[in-house]
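Worksheet: the structure to be examined is printed underneath.
The shown structure was predicted, so the numbers you read here are calculated from the model rather than taken from an experiment. Computation of the quantities below employed the complete heavy-atom set of this structure, encompassing side-chain atoms and omitting hydrogens, waters and symmetry-equivalent molecules.
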Amino acid sequence: WISVVTLMAMAAAAVLLLLLNPIRSNEIPSPAGKPVLNILVDDSASMGTPNATDGLTRFAAAGRIARALSSQFTDRFDVHLNAFDHSVHPIPQQDLSSAIPTGDGTDLSAAIDSTLAEDRPQGQAIVLLTDGIDNTGSGSSAVLAAVRSARAMSAPIYTHVFGGDTKSMDIS
């Protein structure tokens, strides 16, 4: 009788153990290296408009933010500073205060797509400093596709938009 009760108790315990769904897990070490922070500054000519805070041009205000972010996050991120119009090109931190924006358009989809990389297991993020919408003719569908790609790679995009009311002279 004792052996039958013991076997029944062991069977009930085995069923209860299986219902708990035990899982064996091994800790996976995090990838080596720092996550990448891509700071993208719009280099189109419209960023030369002086209607940002303190009478600065939009580009100068964006440069101020880019320099602050770069110095603040250098210890935790691998920071890449880039300027963009139709294409993306690296810009040294010291050139952010003296450069003059001369691009003839803003291609947001190309800027986002060119900075994303699938081979960054440690992570990546984008800071987008711009004054407007994509005006290169690629349309909003290209921008949405680039954003979907970033989301699929778990790469957040943080934006800061510059601009405001400008005073213009109506010659007519």
Donor-acceptor pair between Asp85 and Ser44 side chains, under 3.5 angstrom | no

Is it true that a side-chain atom of Ser71 and a backbone atom of Arg67 form a donor plus acceptor pair closer than 3.5 Å?
-> yes

May I ask you to decide if Ala117's main-chain N or O and Gln124's side chain share a donor-acceptor pair within less than 3.5 Å?
-> yes

First locate atom CG of Leu37, then atom OG of Ser70, and finally report the distance between them rounded to the nearest 0.5 Å.
-> 8.0 Å

Parallel, tilted or perpendicular for His160 and Phe162, by the 30°/60° rule?
-> tilted

How about His80 and Asp78: does a side-chain donor come under 3.5 Å of a side-chain acceptor?
-> yes

Give a yes or no on whether the backbone of Gln122 and the side-chain of Lys34 come within a donor-acceptor separation of less than 3.5 Å.
-> no

So OG1 of Thr49 and CE of Met47: to nearest 0.5 Å the spacing works out to 9.0 Å

Would you say Gln94 has more than 12 foreign heavy atoms packed within less than 6.0 Å of its CD?
-> yes

Going by heavy atoms in the side chains, are Ile157 and Ile112 under 4.5 Å from each other?
-> yes

Phe59 vs Val41 side-chain heavy atoms within contact, under 4.5 Å | yes

How many angstroms lie between atom CZ of Phe73 and atom CD1 of Ile39, to the nearest 0.5 angstrom?
-> 8.5 Å

Picking from Asp104, Asp43, Thr106, what satisfies side-chain hydrogen bond (donor to acceptor under 3.5 Å, both in side chains) with His86?
-> Asp104

Inter-residue atom distance Leu129.CG - Asp42.CG, 0.5 Å rounding = 9.0 Å

Flag yes if more than 12 heavy atoms outside Leu144 fall under 6.0 Å of its CG atom; otherwise flag no.
-> yes

What distance do Asn26 atom CG and Ile28 atom CD1 have between them, rounded to the nearest 0.5 Å?
-> 8.0 Å

